[in-house]
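Below: one structure, written as structure tokens.
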Amino acid sequence: MPQITLPDGSNRQFDNPVSVMDIANDIGPGLARATLAGKVNGNLVDAAFVIEQDAAVAIVTGRDEEALELLRHDAAHVMAQAVQELYPGTQVTIGPAIEDGFYYDFAREEAFTPEDLVEIEKRMREIVKRDLPIVREVMDRATAMRTFGDLGETYKVEIIDDIIPEGEEVSIYRQGEWFDVCRGPHLPSTGKLGDGFKVMKVAGAYWRGDSNNAMLQRIYGTAWPDKKQLKAYLHRLEEAEKRDHRKLGRQLELFHLHEDAPGSVFWHPKGWTLFNLLINYMRKRQEDAGYIEVNTPDVMDRSLWETSGHWENYREHMFSTQTEDERVFALKPMNCPGSVLMFAQGLKSYRDLPLRMAEFGKVHRYEPSGALHGLLRVRHFTQDDAHIYCTEAQMEQECIDVIELILDIYRDFGFDDVVIKFSDRPENRIGSDEIWDKLEGALINALDSMGQAYKMFPGEGAFYGPKLEFVLRDAIGRDWQCGTLQVDMKQVDMNLPERFDISYVAEDGNRHRPVMLHRALFGSLERFFGILVEHYEGKFPVWLAPVQVVVMNITDKQAPYVEKVEKMLKNQGIRTISDLRNEKVGFKIREHTLQRVPYLLVVGDREVEEERIAVRSLGGEDLGSLAIDEFVDLVKQ
RNA sequence: GCUCAUAUAGCUCAGGCGGUAGAGCACUUCCUUGGUAAGGAAGAGGUCACUGGUUCGAUUCCAGUUAUGAGCACCA
């Protein structure tokens, strides 16, 4: 005799065990039709789930967040059914709901073609139309393994064997002839999927995410409660593509890439101007924060990399050279060893600590070809790197200062909610747990004492130490690590202070090993640049715009005055160009607007006469006629 | 690195079931001197990514290489 408590606090009494659907029916037939699933005591369950005891129940309909995930998971099942109907012999593996959609990984000799995807989507719509009831069944483990084994579904057998503990039952979801191992829950029938889905693309993916395993074919789809939301999503994707930094980089003449230098950037004048603005900005912020700036060699002897451990661990990702005399050098993949040599030069006292040593270091890494991605993943990039040498007692405060600095800097670029990832000790690591406790503690204490939220990524730290990552998102929702903070301390293998045997003289007159913090704020200047382009859609704020002002004439008569204005503005440090081409003013305005120049100055006879300029903003707003110095104030404010 | 796809003018893209290619924009010259998102005309511009194979003949078909794109793996 279960008593059901609904979200509004009301109670309903039933004489016999009831399903979620029964309850919905009891409330009203309209609700029953809309019912997709239920929530019993907070757990998401099928609509057919039977409740035997008193419980808090909520009916889940298309309006609820949870329904969307079910919908997407269902879409994956329907797609798998469609694929197996169309291409017998294809094995199913796994197919979860993901952000914005779903995917399913298939094992099949032949590759799926774009035409196949069209057919698959067609068949999916058919299956939806069939409105097959989705029914949960249970099998004991052995039967399940035999059933799937008989079907030749070796991957499924492996999943059951691996995931389901011995003696436990396996839940199976069936829709028509087709069924799959699944934890559930699911929608009541395939018809509930509606028409808000679309098969998007096919790509390779390793079985169980391990590159030693076979490569499967992953088909991605997107699914939404209705067609309208699907359209809105596809529209968002289109809009995002317009922000792509690779596209804008070409259109705005910022940079280009070339086949002969994969993963390295050719910076054009405007891009390089912006790049240098970023460096100048960072230089100022670091100087204010008590950093000194140095520069270390790009090419250093192999023995240095052997000492640092990079040769052993990352050799295949390093660019190396052999000279006539057979000496082997490597292009630096990191700045740390150079920094350590800098620290080791001369005697350091505790009075020098904390020593915050920054470097705009050009590093080269031979990244796997498939990893390269515009400016966001390159082989040659510039780090705004710094190493802070300090005592153990100073460590935590230094961490706090770094985190505050990063967040403050990101705010200057309009990134207000930065995701902080905290990656702690991985399974394969070196160093004692005691040291790991200390290292992780330093970072966590710093975050906690600031009241700063962060996301835990258990086991994702580097093998030699935990790390903090500051993550920014690109136009189409991919996350990229930008800033980082890592602690490097005694007895851990990568430990550079130990490997290079550096020390400082403490108050007691003895030599002590410093703690070393590795940190980068932008991270990679190239990557940050790319993210910025997408973030602003190329419409940089005035202080970052490579060209801040274009002065243009209406007829040749005003040319001398235009040149005079250009000179005056340049003397004020304003990045100005003039456009004296024999073109109509509308044409020039269009061009420079497309180039996202913040201010356009138009000069005709009136302006020459009055010694003024007509000012137009990037948004198309007419700011009226201003005197030169008035305009200078406007730009500089 | 792996799977799939793509590579034609500076850019965006057509095209050809094998007979060395075309548009728009950009570029050059001329006309036009025009007040806030495209004035007009003419011209120039291509080893059809690279290497090899098949063929009388390859930009087109085949193979390999390189680069790029999507995803996976990787990211000190």
Side-chain angles (χ1 to χ4, degrees), chain A residues 103 105 108 110-114 116-117 200-220 241 244 246-247 250-251 253 256-263 305 308-310 312-318 332-337 363 365-374 376-379 381 460-465 467 469 476 478 480-481 484 486 488 493-494 496 518 523-524 527 552-559 582-595 600-607 614-618 620-623:
Chain A
Y103 68 76
D105 286 348
R108 177 183 182 231
E110 231 176 307
F112 290 113
T113 64
D116 291 341
L117 297 191
M200 301 292 280
K201 62 194 173 194
V202 59
Y206 295 107
W207 169 236
R208 302 196 137 182
D210 186 337
S211 58
N212 294 315
N213 291 341
M215 175 142 291
L216 307 169
Q217 297 189 69
R218 174 172 299 178
I219 302 181
Y220 283 92
E241 265 172 47
D244 191 308
R246 293 165 296 187
K247 196 172 190 149
R250 205 179 308 112
Q251 284 168 2
E253 300 164 36
H256 81 269
L257 299 165
H258 191 274
E259 189 176 332
D260 287 337
W305 304 107
S308 72
H310 290 94
E312 188 191 338
N313 289 303
Y314 299 105
R315 159 93 199 81
E316 67 277 22
H317 295 296
M318 289 168 69
K332 66 176 174 187
M334 295 189 77
N335 303 300
C336 324
V363 296
R365 297 179 183 178
Y366 195 66
E367 302 285 11
S369 55
L372 301 181
H373 182 96
L376 304 187
R377 187 82 180 269
V378 288
R379 288 191 174 143
F381 60 100
E460 289 199 15
F463 65 90
Y464 59 84
K467 64 178 172 180
E469 291 174 29
I476 55 174
R478 288 180 288 214
W480 296 90
Q481 173 198 311
T484 59
Q486 294 181 37
D488 197 345
D493 183 76
M494 201 64 184
L496 295 176
H518 305 247
S524 149
R527 177 175 290 180
M552 59 189 79
N553 55 344
I554 290 172
T555 71
D556 291 343
K557 264 190 288 177
Q558 302 96 26
N582 176 15
E583 297 288 354
K584 294 202 168 189
V585 94
F587 179 88
K588 295 185 188 180
I589 291 203
R590 177 182 155 80
E591 248 186 27
H592 299 299
T593 299
L594 290 174
Q595 285 292 313
L600 303 181
L601 308 186
V602 176
V603 168
D605 288 337
R606 275 206 302 280
E607 284 73 20
V615 183
R616 180 191 161 111
S617 74
L618 178 54
E621 196 189 347
D622 183 359
L623 303 180

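As a basis for the values below, the full set of heavy atoms in this structure was taken, side chains included, without hydrogen atoms, waters or symmetry mates. In what follows, every chain begins at residue 1, and chains take the letters A, B, ... in the order their sequences are listed.
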#### Entry: Salt-bridge present (A:Asp210, A:Arg208; N to O < 4.0 Å)
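Looking at A:Asp210 and A:Arg208, the cut-off is not met.
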### Task
Could you state the atom-to-atom distance from CD of A:Gln486 to P of B:A76 in whole Å?
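Between P of B:A76 and CD of A:Gln486: 7 Å.
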Polar atoms only, N or O, under 3.5 Å: list the protein pairs with nucleotides 60-65 of chain B and their distances.
none

### Task
Please list, chain by chain and in numerical order, all residues satisfying side-chain contact (heavy atoms from CB on, under 4.5 Å) with A:Pro262, sequence neighbours excluded.
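Residues passing side-chain contact (heavy atoms from CB on, under 4.5 Å) with A:Pro262: A:Leu372, A:Arg379.
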### Query
Under the side-chain contact (heavy atoms from CB on, under 4.5 Å) test, which residues partner A:Ala111, sequence neighbours left out?
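Applying side-chain contact (heavy atoms from CB on, under 4.5 Å) to A:Ala111 gives A:Gln217.
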Nearest to the side chain of [X] - [options]?
X: A:Arg478; options: B:A70, B:U68, B:A76; answer: B:A70
X: A:Met215; options: B:G69, B:A73, B:C72; answer: B:C72
X: A:Ala203; options: B:C74, B:C72, B:A70; answer: B:A70
X: A:Tyr206; options: B:G1, B:A76, B:U33; answer: B:G1
X: A:Ala371; options: B:A76, B:C2, B:C74; answer: B:C74

#### Entry: Nearest-Å distance once atom C1' is located in both B:U29 and B:A67
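About 37 Å, rounded to a whole number of Å.
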#### Entry: Whole-angstrom distance between B:U3 and B:G64, as gauged at atom P
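These two P atoms come out 11 Å apart once rounded.
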### Paired stretches of RNA chain B - 3 or more consecutive Watson-Crick or G-U pairs, each distance under 3.5 Å
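Only these stems qualify: B:1-7 with B:66-72, B:10-13 with B:22-25, B:27-31 with B:39-43, B:49-53 with B:61-65.
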Of all the heavy-atom pairs spanning [X] and [Y], show the shortest one and how long it is.
X: A:Met552; Y: A:Lys588; result: SD-CB, 3.7 Å
X: A:Val603; Y: A:Gln558; result: O-OE1, 3.4 Å
X: A:Trp207; Y: A:Asn213; result: O-ND2, 2.8 Å

### Task
Check whether any side-chain N or O of A:Glu607 sits under 3.5 Å from a backbone N or O of A:Gly604 as a donor-acceptor pair, and report yes or no.
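Checking the backbone N and O of A:Gly604 against the side chain of A:Glu607, a donor-acceptor pair under 3.5 Å is found.
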### Message
Using only atom types and a distance under 3.5 Å, with no angle test, would you say the side chain of A:Arg365 pairs donor to acceptor with the backbone of A:Pro333?
### Response
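The answer is yes, because a donor-acceptor pair under 3.5 Å joins these two groups.
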Regarding [X], tell me which of base, sugar-phosphate or nothing describes its non-hydrogen contacts under 4.0 Å with the strands shown.
X: A:Tyr103; answer: nothing
X: A:Pro262; answer: sugar-phosphate
X: A:Lys247; answer: nothing

So does [X] get a side-chain nitrogen or oxygen closer than 4.0 Å to the phosphate oxygens (OP1/OP2) of [N]?
X: A:Arg246; N: B:G69; answer: yes
X: A:Arg365; N: B:C74; answer: no
X: A:Lys557; N: B:G34; answer: no
X: A:His373; N: B:A70; answer: yes

### Task
Measure the acute angle between the ring planes of A:His310 and A:Tyr314, then classify it against the limits of 30° and 60° as parallel, tilted or perpendicular.
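Tilted, since the angle between the ring planes falls between 30° and 60°.
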### Message
Can you classify the ring geometry of A:His373 versus A:Trp480 as parallel (below 30°), tilted (30 to 60°) or perpendicular (above 60°)?
### Response
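A:His373 and A:Trp480: tilted rings.
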### Message
Return a single string for nucleotides 5-11 of chain B, one symbol per nucleotide in 5' to 3' order, where B is base contact, S is sugar-phosphate-only contact and - is none, cutoff 4.0 angstrom on heavy atoms.
### Response
------S
## Note on the structure
With B for base contact, S for sugar-phosphate-only contact and - for none (protein heavy atoms under 4.0 Å), nucleotides 35-41 of chain B reads BBBBS--
### Message
Using only modelled atom types and a 3.5 angstrom limit, is any donor from either the side chain of A:Arg379 or the base of B:C75 paired with an acceptor on the other?
### Response
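No such pair is found, so the answer is no.
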